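In this chain, numbering begins with 1 at the start of the sequence shown. These numbers were taken from a predicted model, which means no experiment stands behind them.
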Amino acid sequence: MAGAEWALFAAVLALAVLVLIGFVLGARVLRRLTTAPPAVAAADDPEFTAEKDRQEQALAALRTAANEATAAVEQAKTAAAAARTDAAEARAEARAARAEARRVLDAARAEADTVLERAQRQAESEAEQVRAAARRSGEREIAVLSETVKEKAAEAERRAARIDERERLHTEQAERLAERERRLATVETELGERDVALAARESALTEAEEARRRELERVAGLTVDAAKSELVEAIEGQAKREAALLVRDIENDARNTADQRARHIVVDAIQRVASEQTAESVVSVLHLPGDEMKGRIIGREGRNIRAFESVTGVNLIIDDTPEAVLLSCFDPVRREIGRLTLEKLVLDGRIHPHRIEEVFESAKQEVERLCERAAEDALVEVGITDMHPELMTLLGRLRYRTSYGQNVLKHLVETAHIAGIMAAELRLDIPTIKRCAFLHDIGKALTHEVEGSHALIGADLARKFGESDEVVHAIEAHHNEVQPQTIEAVLTQASDACSGGRPGARRESLEAYVKRLERIEEIAGGKSGVEKVFAMQAGREIRVMVKPDDVDDIAAAVLARDVAKQIEEELTYPGQIRVTVVRESRVTEIAR
């Protein structure tokens, strides 16, 4: 407000100067008028008239300016009065603000003093609590340390007592050892004396024996060696004569009864176990609810059928046969899994690659359960109650295993029955012989996984899972890899030959075909980076699934060429075999 007052003061001062200047000019004009010539002369002079007019105009202008200045002064006074009023109000507001500020400041100071006092009291209280807690903690620690010191002192005393006791025992033991050494020294001395006496006595006995022998030789007229030779020759001749007579009688009796008895036992066993045998097939037929289902199985551009064959390893044949499709695979386990997979897909109706993989895993577990159930049924049929769970699992896998076209699990059951009947006829241990015959082909469950003869593999398995020595020997000797040494091994061989030698029981061609396909899969499966191998199209095509992270495109081409070359070198087969290496890369992201 002080600046506004100064501005108003300057304006008033300027207006006063202007008014003063106007008064001075008006005075000058009046003096000229008073000093002018007479009116008559002025009236006659034109210049005087013009000058007079100018002066009157100037005087009018001065009056006008004076009036304007007076009005401006009045306005300035009014503005100054308003400014003084505003300044007074402002000063009043400033005084009120200063009073309020002083009041707030006083209140703040009072509040700060209160807060400070409260904080001091709280700090003192907390400090007192901390001191009390520290005092209590210190007392507890002192008590704990005191207790620890007491315990350590007690422990030190106990250790000192144990050390003293141990030193006392060591001292006593040292005294006993010293006493024992003294006794041993005495005994050694006595033994030395006895040895000397015994040596002298043995020398005397030897001389006496030699003298007696010389006297006997003189009386008999023969040396000792000559007498021994004559006695041995006499006994040997007599034993040979008696053994020859006994062998002749046994051979005559065996020739008279062995052939007839053996024929009777074998024929009776085979007649009593007349089990059926159905030749294994490499093709399964699945009936469909309608022909439109074939299109859904094939899928758009054949993607479903390709995914099915890649996942299951089973060749799916879709032809003009109404409401039916064919599944072809040399491996019966794989073919059964593929059949169950396709059957579930047809019943579900949802057929796409991802669903095929899910149903395949479900069908695989179901086949494993069927194998376990088959092993349990076989054990119940044979009459064996105690069997290791791992051996039961391997027996279940034999449900889908064939040997020369004969089902291996059925062959084991039949062999066990034949061996049991033979053992009953010969009055032998029936449970042990049936167990030997039932487990003799257990090694065929691991033929692809372990190298070697299935007889030796089966013997190792039986030995590993706690079977008796008789069972292990019968398994390893049933194909003469080991010479049979027990009656159980001989009967296992005989029952195995009886079961496999029946007319129609086995087919050589199917076995050779299966072995060729298995060897093809083994060749490809032995290569580095191979995940799965499937022989398809009756062995005319082999599909090799490789790990995409381990095998790139160039390595896949090299792998296909190596597999084809090894098949050409090792196998004999009609026509051609196509080797297809499948390298699939999948990228998966999750939208959250």
Find the distance between CD (Glu292) and CZ (Arg296) and round it off to the nearest 0.5 Å. 8.5 Å
Gap separating the CE atom of Met422 from the OG atom of Ser495, nearest 0.5 angstrom: 6.0 Å
Rounded to the nearest 0.5 Å, how far apart are OG1 of Thr312 and CD of Glu357? 11.0 Å
Would you be so kind as to tabulate the donor-acceptor pairs closer than 3.5 Å made by side chains of residues 368-380, with sequence neighbours excluded?
{"from": "Arg373", "atom 1": "NE", "to": "Asp377", "atom 2": "OD1", "distance (Å)": "3.4"}

Salt bridge (Lys or Arg N to Asp or Glu O under 4.0 Å) between Glu301 and Arg306, worked out: CA-CA 10 Å; Glu301 299 178 356; Arg306 286 196 302 270; 5.7 Å; no
Find out whether Leu342 and Ile297 are in side-chain contact, i.e. whether some heavy atom of one side chain is under 4.5 Å from a heavy atom of the other. yes
Parallel, tilted or perpendicular: which one describes the rings of His440 and His478, with boundaries at 30° and 60°? perpendicular
Once rounded to the nearest 0.5 Å, what's the spacing between atom CD1 of Ile433 and atom OG1 of Thr492? 7.5 Å
For Arg335 and Cys329, indicate whether the former's side chain and the latter's backbone hold a donor-acceptor pair under 3.5 Å. yes
The complete set of salt bridge (charged side-chain N to carboxylate O under 4.0 Å, His left out) pairs with one or both residues in residues 464-473, sequence neighbours excluded, reads Arg435-Glu467
List for me each residue that meets salt bridge (Lys or Arg N to Asp or Glu O under 4.0 Å) alongside Arg583, sequence neighbours excluded, and say none if there are none. Asp553
Show me the donor-acceptor pairs within less than 3.5 Å that the side chains of residues 136-150 make with the rest of the protein, sequence neighbours left out.
{"from": "Ser146", "atom 1": "OG", "to": "Ile142", "atom 2": "O", "distance (Å)": "2.7"}
{"from": "Thr148", "atom 1": "OG1", "to": "Val144", "atom 2": "O", "distance (Å)": "2.8"}

Of all residues at least two apart in sequence or in a different chain, which pass the salt bridge (Lys or Arg N to Asp or Glu O under 4.0 Å) check with Glu390? none
Donor-acceptor side-chain pairing of Glu570 and Gln566 below 3.5 angstrom: yes
Assess the residue pair Glu358 and Arg350 against the criterion (salt bridge (Lys or Arg N to Asp or Glu O under 4.0 Å)); give the C-alpha distance rounded to whole Å, side-chain angles, the decisive distance to 0.1 Å, and a yes or no. CA-CA 11 Å; Glu358 295 178 352; Arg350 295 176 296 168; over 6 Å; no
Do the charged groups of Glu361 and Lys364 touch, with an N to O distance under 4.0 Å? no
What distance separates Arg158 CZ from Glu151 CD, expressed to the nearest 0.5 Å? 8.5 Å
Would one find more than 12 heavy atoms of other residues, nucleotides or ligands at under 6.0 Å from atom CZ of Arg519? yes
Donor-acceptor contact present, side-chain Arg397 to main-chain Lys444, <3.5 Å: no
More than 12 heavy atoms of other residues, nucleotides or ligands under 6.0 Å from CD of Glu155: yes or no? yes
Without hydrogens or angle criteria, can the side chains of Gln493 and Asn480 be said to hold a donor-acceptor pair below 3.5 Å? yes
To the nearest 0.5 Å, what is the distance between CD1 (Ile298) and CG (Asn304)? 9.5 Å
Mind checking side chain to side chain contact (heavy atoms under 4.5 Å, CB included) for Ala459 and listing every partner two or more places apart, or none if nothing turns up? Val472, Ile475, Glu476
Tell me, yes or no, whether the heavy-atom count around Arg162 atom CZ, taken from other residues, nucleotides or ligands under 6.0 Å, exceeds 12. yes
